[in-house]
Protein chains: 2
Amino acid sequence: MKEGPNLAAVAALLGDPARANMLTALMDGRALTATELAHEAGVTLQTTSGHLARLEAAHLLRVEKQGRHRYFRLSGEDVAEVLEGLMGLAARTGHLRTKPGPKDPALRQARVCYDHLAGDMGVWAFDRLWAKGLVGGHDRHVHVTERGRAFFAGFGIDVEALAQGRRPLCRVCLDWSERRYHIAGAVGSQLLRKLFDKGWARREKDSRVVHFTPKGRQDFAKLLA
Amino acid sequence: MKEGPNLAAVAALLGDPARANMLTALMDGRALTATELAHEAGVTLQTTSGHLARLEAAHLLRVEKQGRHRYFRLSGEDVAEVLEGLMGLAARTGHLRTKPGPKDPALRQARVCYDHLAGDMGVWAFDRLWAKGLVGGHDRHVHVTERGRAFFAGFGIDVEALAQGRRPLCRVCLDWSERRYHIAGAVGSQLLRKLFDKGWARREKDSRVVHFTPKGRQDFAKLLA
DNA sequence: TTCATAGTTCGGCAATAACCGAAGCATGCG
DNA sequence: CGCATGCTTCGGTTATTGCCGAACTATGAA
């Protein structure tokens with residue numbers, strides 16, 4: 001009758017508005033304190049505390065103690081991926097939160113997803129990497145090609161070194177606004193970092209929105225032309 | 001504070017055990033009736049009805065009406081993908097369920113659906129009829145062609161006579177094990193009857209299972225070759 | 001028409017759990 | 001030390017919602 005793991009328990013955790021708000025706030029990969037998350041969720045601190053305990057028990061969050069603060073962050077990229085997927089389903093049903101807020105277009109254009117680039121720009125970048133034969137594979141199993149290694153090296157990303165880490169080198173992540181894949185994994189993470197380092201883009205404060213400078217956009221386009 | 005679509009509403013839908021069981025049962029892409037889903041979920045039909053209405057309203061399910069049955073299926077691959085992702089998170093926490101149960105292979109191969117042939121054999125027969133140009137049309141509106149009339153006459157089925165009756169001459173029926181169409185309607189009914197009359201197949205007692213004799217299978221294959 | 005099956009709607013009950021106030025620890029600072 | 005801050009635990013209230021029995025509608029078969 002029933003097959004596979006019990007998804008209901010996890011989904012129920014994500015299904016509470018307060019918890020969902022907290023997780024959404026953590027989608028950008030930052031670590032936030034319980035007090036900050038309480039504010040995000042719009043509930044009192046003691047309520048938040050209970051929620052966070054449950055999320056941590058389910059291994060959806062990791063916590064880092066630091067003095068009298070406790071910093072919470074998503075436990076991994078896979079959590080962010082599922083959250084993005086759920087947003088995709090929600091967006092499809094027209095269940096937009098309220099109306100598309102003022103930040104919505106910016107969010108659709110470029111945003112942080114965990115620690116890599118999402119939105120229109122993220123999907124475009126993945127498309128170009130693929131078209132240029134810098135990443136390859138089929139379905140969702142993606143890898144960096146030989147030519148890709150050279151390309152990333154030229155961009156200041158040492159793929160060989162990343163490959164030593166435990167983290168999957170290259171993954172894809174489904175984009176809720178574009179309904180297509182963008183690049184994730186260690187390479188995706190480094191790619192976004194380089195965009196910031198080079199001054200091509202910067203993060204909006206307290207938001208997932210990523211702003212490209214005019215020149216940055218131009219250079220990025222040229223890079224992947 | 002809040003960015004992006006409201007994932008809580010969708011996640012809450014997936015977070016109920018009964019609904020999660022229904023969705024899990026639909027994960028393989030088949031279409032199931034409300035009664036079957038009620039059984040899967042372990043709740044009564046009226047409870048199921050409410051759940052299905054909500055899932056459909058959220059566009060997580062699509063429904064196909066067929067006679068007095070309503071066949072539900074996942075609305076798309078993206079839904080299945082999110083469910084998979086949630087199972088992944090659940091599995092990570094060690095929330096495994098009971099083992100998968102054994103299926104009934106005979107039922108999948110050939111069975112009675114009302115009064116016509118379903119299962120692997122039923123879908124195969126419809127494919128052949130279609131490929132040979134004996135039935136035609138598009139989408140779900142199917143009719144017997146001129147050549148088809150001659151073919152069925154040769155098999156002992158008088159299409160002209162059947163056309164006099166109130167019952168639709170030729171319909172298609174969605175197959176739950178193959179999740180494709182097989183032939184139904186008056187012609188489908190007569191076809192199955194002829195299979196029994198000719199001794200090519202027989203019904204298992206108190207079951208929907210249909211057993212073909214070796215010779216019957218051979219002759220049927222030759223007929224539609 | 002009459003009967004059977006598939007599914008929906010309605011109403012009330014019961015269990016869950018989200019919420020907050022208040023009190024209790026723990027850490028850091030002066 | 002005393003005090004403030006960050007967070008957790010406890011208890012009781014409240015709102016939600018999942019559930020089923022019963023009655024109702026719709027389709028099909030005889």
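Just so it is clear: chains get the letters A, B, ... in the order the sequence lines come, proteins before strands, and each one is counted from 1.
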Engineer: Mind checking if B:T35 touches a base, just sugar-phosphate, or nothing, with heavy atoms under 4.0 Å?
Structural biologist: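 Sugar-phosphate: the residue B:T35, judged by heavy atoms under 4.0 Å, touches backbone atoms but no base.
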Engineer: When the distance from CG of B:L61 to P of C:dG7 is rounded to whole Å, what number comes out?
Structural biologist: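 One finds 14 Å between P of C:dG7 and CG of B:L61, rounded.
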Engineer: Please state how far atom CG in A:L52 lies from atom C1' in D:dT9, giving the value in whole angstrom units.
Structural biologist: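 Nearest whole value for this atom pair: 15 Å.
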Engineer: What's A:A53 touching, base or sugar-phosphate or nothing? Going by heavy atoms closer than 4.0 Å.
Structural biologist: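 Touches nothing.
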Engineer: Could you tell me whether the phosphate oxygens of D:dT27, OP1 or OP2, come under 4.0 Å of any side-chain nitrogen or oxygen in B:K65?
Structural biologist: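 B:K65 to D:dT27 OP1/OP2: side-chain N or O found under 4.0 Å.
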Engineer: With a 4.5 Å heavy-atom cut-off, do A:R73 and A:L61 have their side chains touching?
Structural biologist: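 SC-SC contact between A:R73 and A:L61 ruled out.
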Engineer: Rounded to whole angstrom units, what separation is found between the CG atom of B:N21 and the P atom of D:dG18?
Structural biologist: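 Between P of D:dG18 and CG of B:N21: 14 Å.
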Engineer: How close or far is atom C1' of D:dA4 from atom NE2 of A:H69, stated in whole angstroms?
Structural biologist: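 The answer, rounded to whole Å, is 12 Å.
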Engineer: Decide yes or no for B:V159 and B:R149: does some side-chain heavy atom of the first lie under 4.5 Å from some side-chain heavy atom of the second?
Structural biologist: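 Side-chain contact under 4.5 Å: yes.
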Engineer: Quick check: do A:E36 and A:H69 have side-chain heavy atoms less than 4.5 Å from each other?
Structural biologist: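 A side-chain contact is absent here, since even the closest heavy-atom pair is not under 4.5 Å.
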Engineer: How close or far is atom C1' of D:dC19 from atom CG of B:L45, stated in whole angstroms?
Structural biologist: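 Between C1' of D:dC19 and CG of B:L45: 13 Å.
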Engineer: If you only use heavy atoms from C-beta on, which nucleotide in D:dC19, C:dC19, C:dA17 is closest to the side chain of B:T47?
Structural biologist: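 Taking heavy atoms from C-beta onward, the closest nucleotide is D:dC19.
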Engineer: Nearest whole angstrom, please: distance from the C1' of C:dT16 to the CG of B:D16.
Structural biologist: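 Value for this atom pair: 12 Å.
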Engineer: So, is A:R70 near the phosphate of C:dT27, with a side-chain N or O under 4.0 Å from OP1 or OP2?
Structural biologist: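 No, no such contact exists.
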Engineer: In terms of side-chain heavy atoms, does A:S49 have a donor or acceptor partner in A:Q46 at a distance below 3.5 Å?
Structural biologist: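 Side chains of A:S49 and A:Q46: no pair found under 3.5 Å.
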Engineer: With no hydrogens and no angle check, do the side chains of B:H211 and B:R202 hold a donor and an acceptor under 3.5 Å apart?
Structural biologist: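 No, no side-chain donor-acceptor contact under 3.5 Å.
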Engineer: For a quick test of reading the model: is some side-chain N or O of A:T44 closer than 4.0 Å to OP1 or OP2 of C:dC20?
Structural biologist: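 Looking at the OP1 and OP2 atoms of C:dC20, one of them is under 4.0 Å from a side-chain N or O of A:T44.
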Engineer: Of the nucleotides D:dC20, C:dG7, C:dC19, which has the atom closest to the B:V43 side chain?
Structural biologist: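 My answer, after comparing the listed nucleotides, is D:dC20.
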Engineer: Tell me which of A:Q46 and A:R19 sits closer to the 5' end of DNA chain C, going by the nucleotide each one is nearest to.
Structural biologist: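 Upstream on the strand: A:R19.
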Engineer: Mind checking if B:T48 touches a base, just sugar-phosphate, or nothing, with heavy atoms under 4.0 Å?
Structural biologist: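 Answer is nothing: B:T48 stays at 4.0 Å or more from every strand.
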Engineer: D:dT17 phosphate, OP1 or OP2: any side-chain N/O from B:H51 under 4.0 angstrom?
Structural biologist: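 For D:dT17, neither OP1 nor OP2 has a side-chain N or O of B:H51 closer than 4.0 Å.
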Engineer: For B:H39 and C:dA6, give me the distance from atom NE2 to atom C1', rounded to whole Å.
Structural biologist: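 Rounded to whole Å, this separation is 16 Å.
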Engineer: If only side-chain N and O atoms of B:R54 are considered, is one of them under 4.0 Å from the OP1 or OP2 phosphate oxygen of D:dT17?
Structural biologist: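 Answer is no, no contact under 4.0 Å.
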Engineer: Does B:S49 make a side-chain N or O approach to OP1 or OP2 of C:dG7 shorter than 4.0 Å?
Structural biologist: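 For C:dG7, OP1/OP2 do not have a side-chain N/O of B:S49 under 4.0 Å.
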Engineer: What's the CG-C1' distance between A:L37 and D:dT8, to the nearest Å?
Structural biologist: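 After rounding, the gap between these two atoms is 15 Å.
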